[in-house]
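Reading through the structure tokens given below for one structure.
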Amino acid sequence: IVCTFTASRVSSFNRHMRIHSSEKPHMCHICLKTFRTVTLLRNHINTHTGTRPYKCVDCDMAFVTSGELVRHRRYKHTHEKPFKCSMCTYASVEASKLKRHVRSHTGERPFQCLLCSYASKDTYKLKRHMRTHSGECYRPEEAREDAGLLEGS
DNA sequence: CGTCTTTAGCGCCCCCTGCTGGT
DNA sequence: ACCAGCAGGGGGCGCTAAAGACG
């Protein structure tokens with residue numbers, strides 16, 4: 001594996017290289033999940049305890065991380081939308097939302113249903129679609145065969 | 001070097017809307 | 001006409017991980 005990291009400092013490079021190891025020395029005493037840094041662990045424990053140190057000054061919402069607060073403020077208060085679509089006037093608070101939006105231009109449908117020919121532009125639409133397969137008389141093998149997805153059949 | 005902050009990303013859920021087929 | 005089911009587009013938040021910044 002060739003690591004293309006281009007950090008200017010050796011210390012940053014050394015830290016980066018640690019992500020290639022599975023070393024996660026900091027364990028949550030509640031759920032036993034482990035984390036690479038104490039900061040990550042602290043944030044995680046806050047999700048257990050309900051501690052939300054980052055409070056919005058314009059409403060009563062509060063968040064575990066500063067990033068969540070910034071995003072909330074963009075959505076609800078500042079309406080800053082840094083991610084602009086190059087093909088229309090759409091703009092979004094989050095990059096992932098822009099990515100999802102762009103698929104409405106390109107028609108790309110990366111999320112294929114394994115049981116029929118339907119494919120979705122985002123993960124949740126596929127999940128929602130899957131509910132239509134969960135009715136009575138549902139037989140996955142038959143459905144896969146119908147979709148031409150069973151090998152040797 | 002360790003910690004805090006910022007940025008990036010995935011996931012989950014919900015809402016509104018339009019289409020379609022059954023009644 | 002009305003309604004239910006379904007998919008498209010999008011808003012908002014939960015949480016984790018990596019990189020940047022700093023004492």
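Protein chains get the first letters and strands the later ones, always in sequence-line order, with residue 1 at the start of each.
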Check the interface with nucleotides 5-9 of chain C: list each N/O to N/O pair with the protein under 3.5 Å, or write none.
unit_1, atom_1, unit_2, atom_2, d
C:dA7, OP1, A:H129, ND1, 2.5
C:dA7, N7, A:R128, NH2, 3.2
C:dG8, OP1, A:R109, NH1, 2.7
C:dG8, OP1, A:R109, NH2, 2.7
C:dG8, OP2, A:Y118, OH, 2.6
C:dG8, N7, A:R128, NH2, 2.8
C:dG8, O6, A:R128, NH1, 3.0
C:dG9, OP1, A:K121, NZ, 3.3
C:dG9, OP2, A:K121, NZ, 2.6
C:dG9, N7, A:K125, NZ, 3.0
C:dG9, O6, A:K125, NZ, 3.2

Scan nucleotides 14-16 of chain C against the protein and return all N/O pairs shorter than 3.5 Å with their distances rounded to 0.1 Å.
unit_1, atom_1, unit_2, atom_2, d
C:dG14, OP1, A:R52, NH2, 3.4
C:dG14, N7, A:R71, NH2, 2.6
C:dG14, O6, A:R71, NH1, 2.8
C:dT16, OP1, A:H44, ND1, 2.7

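When rounded to the nearest whole Å, the span between CZ of A:R100 and P of B:dC10 equals 13 Å. Taking atom OH on A:Y124 and atom C1' on C:dC13, their separation rounds to 14 Å, with Å as the unit.
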Practice problem: Walk me through it: do A:T37 and A:T39 pass the test side-chain hydrogen bond (donor to acceptor under 3.5 Å, both in side chains)? | Solution: CA-CA 5 Å; A:T37 68; A:T39 304; 4.6 Å; no
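A 6.0 Å sphere centred on NZ of A:K99 holds no more than 12 heavy atoms belonging to other residues, nucleotides or ligands.
Using a 4.0 Å heavy-atom distance criterion, A:T123 is classed as a sugar-phosphate-only contact. At the heavy-atom level, A:V38 lies under 4.0 Å from the strands shown only through sugar-phosphate atoms.
Shortest non-hydrogen contact noted between A:R52 and A:A62 is NH1-O, 2.9 Å. Counting all heavy atoms, side chain and backbone alike, A:H77 lies closest to A:C59 at NE2-SG, 3.5 Å. The nearest pair of heavy atoms linking A:L98 to A:K84 is CD2-O, 3.6 Å.
A salt bridge links A:E94 to A:R71: one of the charged nitrogens lies within less than 4.0 Å of a carboxylate oxygen. Electrostatic pairing of A:R73 and A:D58 counts as a salt bridge here, judged by a charged N lying under 4.0 Å from a carboxylate O.
Under the 4.5 Å side-chain criterion, counting only non-hydrogen atoms from C-beta, A:F111 is not in contact with A:K125. Inter-residue side-chain proximity for A:I45 and A:H29 is flagged as met; some heavy-atom pair is nearer than 4.5 Å. The shortest distance between side-chain heavy atoms of A:M130 and A:L115 falls below 4.5 Å.
The aromatic ring centroids of A:Y118 and A:H129 lie less than 6.0 Å from each other.
For A:Y54, no side-chain nitrogen or oxygen approaches OP1 or OP2 of C:dC13 to under 4.0 Å.
Taken residue by residue, residues 73-88 of chain A places heavy atoms nearer than 4.0 Å to DNA chain C at A:Y75, A:K76.
In terms of polar N and O atoms assigned as donor or acceptor, the side chain of A:K97 comes within less than 3.5 Å of the base of C:dG12 in a complementary pairing.
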